[in-house]
Amino acid sequence: MNVYDFKAKTIDGCEIALEGYRGKVLLIVNTASKCGFTHQYEELETLYRKYAQEGLVILGFPCNQFMNQEPESNEKIKEFCTTTYQVTFPMFAKIDVKGERALPLYGYLTAQQKFEGFNRSHPLGEKLDELLYAEDKNYAMTDDVKWNFTKFVADKEGVCVRRFEPTTDISEVEEYIKTLL
């Protein structure tokens with residue numbers, strides 16, 4: 001099994017097979033427009049423009065499961081992304097990334113790449129840990145997505161090979177992606 005076995009709806013409502021991305025390096029990200037990490041849209045777009053010609057595709061999946069930070073409709077999310085951050089990478093319809101209604105793709109991703117903790121030197125790393133620990137003392141024992149802008153990397157064969165938490169610096173993500181291109 002790999003990411004090519006899954007389908008998803010684009011932000012415009014068209015269901016597509018991820019098979020169409022065969023041979024590309026994929027960076028799959030759950031996003032939100034009202035989050036402390038929302039500025040990462042700019043970093044992701046820069047990364048996309050820099051490496052798209054070499055085979056990188058970023059897939060954005062809006063999600064409202066973390067403190068109601070993506071409450072808008074798909075249409076408003078698309079407008080926000082394109083006007084505020086000039087996003088050109090593929091965006092998908094708002095989904096759940098954990099729980100019973102999670103997009104099956106995310107079940108695959110989290111089964112392949114485990115949660116290894118937040119970067120505690122990041123300004124929000126300790127805050128996220130405290131917030132999630134207060135809700136569930138065992139939160140770190142599960143591999144579900146913990147917050148917005150968690151990133152999964154799939155190689156050119158569609159195998160999920162790496163996970164980056166939102167507190168990981170984009171330069172580290174970039175260095176890893178360069179090894180796969």
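This chain uses plain numbering: 1 for the first residue, then up along the sequence. All values derive from a computational prediction rather than experimental measurement.
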When you measure from the side chain of [X] to the backbone N and O of [Y], does any donor-acceptor pair fall under 3.5 Å?
{"X": "E15", "Y": "K9", "value": "no"}
{"X": "D96", "Y": "L103", "value": "no"}
{"X": "T82", "Y": "E79", "value": "yes"}
{"X": "N138", "Y": "M141", "value": "no"}
{"X": "T110", "Y": "Y106", "value": "yes"}
{"X": "K94", "Y": "N64", "value": "no"}
{"X": "N30", "Y": "T150", "value": "yes"}
{"X": "K114", "Y": "A111", "value": "yes"}
{"X": "Q112", "Y": "V159", "value": "no"}

Return the minimal non-hydrogen interatomic distance between [X] and [Y], and the atom names on each side.
{"X": "L131", "Y": "M67", "answer": "CD2-SD, 3.8 Å"}
{"X": "K151", "Y": "P166", "answer": "NZ-CA, 4.0 Å"}
{"X": "A8", "Y": "F92", "answer": "CB-CD2, 3.7 Å"}
{"X": "G117", "Y": "F115", "answer": "CA-CZ, 3.4 Å"}

Could you go step by step and tell me if F37 and H122 meet the ring-ring contact (aromatic ring centres under 6.0 Å, His included) rule? CA-CA 11 Å; F37 295 104; H122 185 282; 5.5 Å; yes
Any [X] side-chain heavy atom under 4.5 Å of [Y] side chain:
{"X": "Y51", "Y": "V25", "value": "no"}
{"X": "D129", "Y": "E126", "value": "no"}
{"X": "L109", "Y": "V3", "value": "yes"}
{"X": "M91", "Y": "T31", "value": "yes"}
{"X": "V57", "Y": "P90", "value": "yes"}
{"X": "K50", "Y": "E174", "value": "yes"}
{"X": "V29", "Y": "F152", "value": "no"}

Looking just at side-chain N and O atoms, do [X] and [Y] make a donor-acceptor pair shorter than 3.5 Å?
{"X": "D12", "Y": "T10", "result": "no"}
{"X": "T167", "Y": "E165", "result": "no"}
{"X": "E45", "Y": "T88", "result": "yes"}
{"X": "Q69", "Y": "N148", "result": "yes"}

Does the plane of the ring in F89 sit parallel, tilted or perpendicular to the ring in Y48? Use 30° and 60° as the thresholds. perpendicular
Residue list, side-chain hydrogen bond (donor to acceptor under 3.5 Å, both in side chains) with D144, at least two apart or on another chain: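 By the side-chain hydrogen bond (donor to acceptor under 3.5 Å, both in side chains) rule, D144 matches T142, K146.
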Residue list, ring-ring contact (aromatic ring centres under 6.0 Å, His included) with Y85, at least two apart or on another chain: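 Result, ring-ring contact (aromatic ring centres under 6.0 Å, His included) vs Y85: Y41, F80.
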Quick one: do R22 and E19 make a salt bridge, cutoff under 4.0 Å?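 E19 and R22: salt-bridged.
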Ring centroids only, cut at 6.0 angstrom: are Y133 and Y139 within range, meaning strictly under it?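 Centroid separation for Y133 and Y139: 6.0 Å or greater.
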Decide yes or no on ring-ring contact (aromatic ring centres under 6.0 Å, His included) for Y4 and Y21, but give the supporting numbers first. CA-CA 8 Å; Y4 304 142; Y21 296 111; 8.6 Å; no
